[in-house]
Amino acid sequence: MDEIIVFGVLILSLVLFVVGKWRYDIVAVLALLVLTIAGIVPAADAFTGFGHPAVITVAAVLILSRALYDSGVVDVLADWYARIPELLTVRIAALGSITAFLSAFMNNVGAVSLLMPVAIRVSNRSKHPPSRFLMPLAFASLLGGMTTLIGTPPNIIISDFRQEHLGAPFGMFDFTLVGVAVTLAGILFIVTVGWRLIPPRQEPMSLGGILDIGSYMTEVRVPANSRFTGKLLQDLEETMEEDVAIAGLLRRGVVYAAPSSYQIIDAGDILIVEADADDLRTFMDRTGFELEVSTDTRAEIDQALSPDEVSIVEAIVGPQSSAVGRNASELHLHSEFGVNLMGVSRRGARFTRRLGHVIFSVGDVLLIQGKDELVQTALPRLGLLPLAERELRIGQRRRLIFPIAVFAGALLLASFDVLSIQIAFVSAVVILLISRFISLQATYQAIDWPVIILLGAMIPVGAALETTGGAARIADALSGMGYFMPPWAMLGVILVTTTLLSAVINNAAAVILMAPIGAGVAQTLGASVDPFLMAVAIGGSSAFLTPIGHQSNTIVMGPGGYHFGDYFRMGLPLEVVIVAVSIPTIMWVWPM
């Protein structure tokens, strides 16, 4: 009876995962609660999954990914990418290689989010549609994650499963030989054939102007000691060599739209100017004017921000942003997020009212100012997408060496079995916190909590499938195919089954369900468990068939203008390549 209940809960969970009415972490918690209430999962063990080493390791990897981003290492790679010759195949190859390399050591979604603005801007400059770049970007992040233990949560889950059942986990680079072979084959396919299978979609209209930024409408204050005090606007305009337009003037609460050139400038006047980012910087340097912030927060800002910590970042209002339909005043940007709005860019629109009252729309580009750590924390909370390669830093140097050294130290300690992977990486996080390289607030913000909840809830559910005999029953059914199929073909069955599951549900959940089944098939066949666990790991990371199988695929769907079926067009032949390469490679590296 328990076995039937577990199967019923899992089938219903799979249906709910696919339908998507409730988010996957909610579905996972519901599945756990049902099995606990039914007495299949002991109440004392219901939430032990949240302390599972795999969950701790995934959280630590997400935090370290954030620290690597803050270090500026990604900016260095992005700068290098921007200098590559404008040949489509060369740029796709370089983009895939950079993304795969980053994804081997940081979160896949983080790598995609960081490089997506770079890819879109390069696509616009080279006159190629973004769809040519963004799907290869997402797929390369999944391929690169296969190459190391920390590259993707499925690898961490598989390693801990092996620890529980064989007494030893997979090492940091035990995935590398198979992963690199699959990654190289996958990127070679994408560069030579794959991108040609992608329809040349244009960006949807709501996001079509994201990177054609144009000019910002920005407020600047005339300081008391300004050399322009008492002079005419005409005098100011005659000294400006930049393409800057005075769209309005605010004096004592009254806005004068399109003020006369003969308007006298007073100390404390607020000018509403229109300029692009480069001209705005030059204009501010030349005139000595100050970017305007509200008077009630000026004192707080002066105390809280030092020149070395202030950054101004350009960020896009995304489709799911909480800023859509609201203005800066309603969002309480400073009181709640600790940042300030410095400018708004919207194609074809000129604002002559206070920036705090401009209603934001999808595709608007905002200039956000504040402490670097607060800015980086506020953007995801607001649903704003940073243009990483256009970040405007004020006096802030890149700090590459320290976080990379800490990260490398943790890798070495884990690789040589001095410390377990979870202890090594949590230690690295603590060092970065103590050294104040990353703030506590940014640390919590870096963790993808829905994924953590999913893992913590599904681990006991997957264990229930095993303890009730359900996994053994499925393994026996699959093993029956072994009477007329060779072992390598059974390895392919496990890999393909996991791949199909990962196309419709979260790949971590797919691996949790398939790991005991793969191990059961190996035991029934009298074969080594390792090649079957590797097949599950590769299949779990091969979520190329749909946009819902992995967050990397979902992120690029809107900006790339993709349809649901576009993923299948390149994903299916890519899956064939991966199966063809991975099975012989697994059997060579991990003999049966």
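The heavy-atom pair separating E290 from P223 by the smallest distance is OE2-CB, 3.9 Å. For the residue pair F360 and A323, the shortest heavy atom distance occurs at CB-O, 3.5 Å. Here the shortest heavy-atom pairing between T229 and A267 reads CG2-N, 3.8 Å. In plain terms, the two heavy atoms of F437 and P403 that are nearest each other are CZ-CG, 3.4 Å. Closest heavy-atom contact between T287 and R227: CA-NH2, 4.5 Å. Nearest approach of A104 to T147, heavy atoms of both residues: CB-OG1, 3.2 Å.
Dense packing is recorded around CG of L412, with more than 12 heavy atoms of other residues, nucleotides or ligands lying under 6.0 Å away.
Residues P136 and I198 have side chains in contact (heavy-atom distance under 4.5 Å, counting atoms from C-beta outward). In this structure the side chain of L271 reaches within 4.5 angstrom of the side chain of L236, judged on heavy atoms. With a 4.5 Å cut-off on side-chain heavy atoms, L64 and I150 do not count as touching. A heavy-atom distance below 4.5 Å is found between the side chains of L411 and F425. Two residues are said to be in side-chain contact when any heavy atoms from C-beta on lie closer than 4.5 Å; N553 and T546 fail this criterion. Counting only heavy atoms from C-beta outward, the side chains of Y562 and L134 approach each other to under 4.5 Å. Between Y262 and L232 there is a side-chain heavy-atom pair separated by less than 4.5 Å.
Annotation: side-chain contact (heavy atoms from CB on, under 4.5 Å) contacts of V191 (sequence neighbours excluded): T89, I92, A93, I187. The ring pair (Phe, Tyr, Trp, His ring centres under 6.0 Å) search around F105 returns F101, not counting sequence neighbours. In terms of the side-chain contact (heavy atoms from CB on, under 4.5 Å) criterion, residue partners of L433 (sequence neighbours excluded) are, by chain and number, V429, I438, L440, T443. Every side-chain contact (heavy atoms from CB on, under 4.5 Å) that I452 has, sequence neighbours left out, goes to V55, V58, A59, I447, W449. A search for side chain to side chain donor-acceptor pair (under 3.5 Å) contacts involving S141 returns S552, not counting sequence neighbours. Contacts of F544 classified as ring pair (Phe, Tyr, Trp, His ring centres under 6.0 Å), with partners at least two apart in sequence or in another chain: F139. Q263 is linked by a side-chain contact (heavy atoms from CB on, under 4.5 Å) to L233, L249, R251, counting only residues two or more places apart in sequence or in another chain.
Listed for the R221 side chain is a donor-acceptor partner under 3.5 Å among the backbone atoms of G268. Judged by distance alone, the side chain of N507 and the main-chain N or O of A543 form no donor-acceptor pair under 3.5 Å. Looking at S103, its side chain never comes within 3.5 Å of a backbone N or O of A140 through a donor-acceptor pair.
Taken to the nearest 0.5 Å, the OG atom of S226 stands 7.0 Å off from the CD1 atom of I265. Interatomic distance, OG of S439 versus OH of Y444, reported as 11.0 Å (0.5 Å rounding). Interatomic distance, W195 CH2 to R91 CZ, rounded to the nearest 0.5 Å: 14.0 Å. Atoms OG1 and CG, on T183 and L142 in that order, are 10.0 Å from each other to the nearest 0.5 Å. Rounded to the nearest 0.5 angstrom, L432 CG and I63 CD1 are separated by 9.5 Å. Note: I359 CD1 to R326 CZ = 10.0 Å, rounded to the nearest 0.5 Å.
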